[in-house]
2 protein chains.
Amino acid sequence: MTFHPSLEPRSNSVKMTAVATRKRTDALTRARIVDAAIAVLDADEEAGLTFRALSQALATGPGAIYHHVSGKGELLDAATEAVVTAALDLPGGGAAPREEVHALALGLFDAIDDHPWVAAQLAAQLARTSAHGASLRILEALGRRVMTLGVPREHWFTTTTALLYYVLGAAGQNAAARESSGGDDRAAVLAREADAWESLPAEDFPFLRAVAAQMRDHDDREQFTAGVDLVLAGIAASGARVSGGSAR
Amino acid sequence: MTFHPSLEPRSNSVKMTAVATRKRTDALTRARIVDAAIAVLDADEEAGLTFRALSQALATGPGAIYHHVSGKGELLDAATEAVVTAALDLPGGGAAPREEVHALALGLFDAIDDHPWVAAQLAAQLARTSAHGASLRILEALGRRVMTLGVPREHWFTTTTALLYYVLGAAGQNAAARESSGGDDRAAVLAREADAWESLPAEDFPFLRAVAAQMRDHDDREQFTAGVDLVLAGIAASGARVSGGSAR
DNA sequence: ACCTGAACACCGTTCAAGT
DNA sequence: ACCTGAACACCGTTCAAGT
């Protein structure tokens, strides 16, 4: 399984504010199509990515795109792949596994923050079957570090998937919350959500009311990392006897 | 926030093998529409749920449905809500919180196993913003038990969301794997997936190759519960000082 | 008030015709 | 070989007309 090599690192640094910028007739390549798709997705969410809009941004007809991608599904997969590839590309100077897990988790957190549509895409990819493409590579990247954390071998799989679900779920939720702000600052969004939770009936929602206050003022990245540490604590606890060393 | 009360418990016991069974002209109610939608979703996945197919199953025209639901989004939410409501309805005789978490988790596991489209729906709902409708109620149900597990108050929220993500992610993945079987038995599916992982290049995927064997023979529900226990172990470890008692 | 179903404004995808 | 863009078979949603 190879991941299309034609994709330069600049692929997800596409940041055009408007979409239809290029008029030049460069060759229509798969990489250019994927870049344009990412730009459209960043600007208009998944619903905005139509072959008509995309072909207009590329100054061509809808049919042309089909010479390079098989359909919309593959296009979405390729766009997700490009973003995740960039996010998983660590500076890589053999840090401690626990630090590497933090770095991977935060890299994905930021990537999903920049491209919120990636969250739903990874979730769908994960739900489609065991693991495919981008989500498979995230699983591998996390698992490789879990292997060196002293977890008993028979817990490797469950441990790593638990970590994966937390990272994707929390990062996606963060991005969605940030998205729905509509320009308000973060504090205002949190306050609005906290207000909503506090106005729920106390008999039906004791938990949400109890945590509403703590949601009102917290740092997103800090809370995210705390969650990663929580799962890592479970890992450490369940592999207690070796606790820290490098198992093999 | 109330959850439409017109929904009888039988709502998700709809099990028709074919779809177009009713010809009678009972009143067209919201509950009947939601029941029919669930049946269509169970039979043909999300892509199969069109207003034309649904109206045919209800022996009416597409426009009639809009008198009872505002659009496709609300219809999907209502269908998800109905399935989750039934799954969260515990026998409820004050069991230990840890057992209740297990019961909730397995209830959702089985509900998603019966209605695989629910997984993607909950994920989308979760990604749309902080938490809405069905996913909000799952969060509350889990959180209420976490509150009584001796976790420090400031960890309640992160702890519960980690649990939520694991449960939804793992249950969804299980359902997807089972779905893709196409009639093969479970062992054959696992074997096929394990074979795929074992044929990955060893340099690029040491982790997936290492866990492939353990995936080949395992019990789905057993592995799922082990994952819940892993997160609970993290909870216990991070709230170590009180470990077990009922904090308040 | 509720239902009907043709009509509207889209969509992904295909394919003859061009270069 | 690659591109074009009209055309095809859908889709969610609306709305005049019926009951």
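So that the names make sense, note that chain A is the first sequence line, chain B the second, and so on, each numbered from 1.
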Output the rounded distance in Å from [atom1] ([X]) to [atom2] ([N]).
X	N	atom1	atom2	result
A/Glu46	C/dC11	CD	C1'	13 Å
B/Leu58	C/dC3	CG	P	10 Å
B/Gln56	D/dG12	CD	P	14 Å
A/Leu54	D/dG5	CG	C1'	15 Å
A/Arg32	D/dC3	CZ	C1'	13 Å
A/Leu75	C/dC11	CG	P	15 Å

Tell me which nucleotide, if any, is Watson-Crick or G-U wobble paired with C/dG12 when both distances must be under 3.5 Å. D/dC8
Does D/dA17 have a Watson-Crick or wobble partner in any strand here, with both distances under 3.5 angstrom, and which is it? none
Applying ring pair (Phe, Tyr, Trp, His ring centres under 6.0 Å), can you list everything that pairs with B/Phe51, at least two apart in sequence or on another chain? B/Tyr66
Would you say that [X] contacts [Y] through its side chain, given a criterion of any heavy-atom pair below 4.5 Å between the two side chains?
X	Y	result
B/Asp77	B/Glu81	no
A/Phe224	B/Thr158	no
A/Asp195	A/Arg216	yes

First of B/Gly61 and A/Thr50 reached from the 5' end of DNA chain C, by closest nucleotide: B/Gly61
With side chain to side chain contact (heavy atoms under 4.5 Å, CB included) as the test, would you mind laying out the steps for B/Leu76 and B/Glu46 before giving the verdict? CA-CA 9 Å; B/Leu76 282 165; B/Glu46 185 173 343; 3.9 Å; yes
Contacts of A/Asp220 meeting salt bridge (charged side-chain N to carboxylate O under 4.0 Å, His left out) (sequence neighbours excluded), chain-then-number -> A/Arg178, A/Arg186
Could you tell me whether A/Leu49 contacts a base, only the sugar-phosphate backbone, or nothing, with contacts defined as non-hydrogen atoms closer than 4.0 Å? sugar-phosphate
N/O to N/O distances under 3.5 Å, protein versus nucleotides 13-16 of chain C:
| residue | atom | partner | partner atom | Å |
| --- | --- | --- | --- | --- |
| C/dT13 | OP2 | A/Tyr66 | OH | 2.9 |
| C/dT13 | OP2 | A/Lys72 | N | 3.0 |
| C/dT13 | O5' | A/Tyr66 | OH | 3.1 |

Does the distance from a Lys or Arg side-chain N to an Asp or Glu carboxylate O, for B/Asp204 and A/Arg137, drop under 4.0 Å? no
Just N and O in the side chain of B/His68: are any of them under 4.0 Å from OP1 or OP2 of C/dC2? no
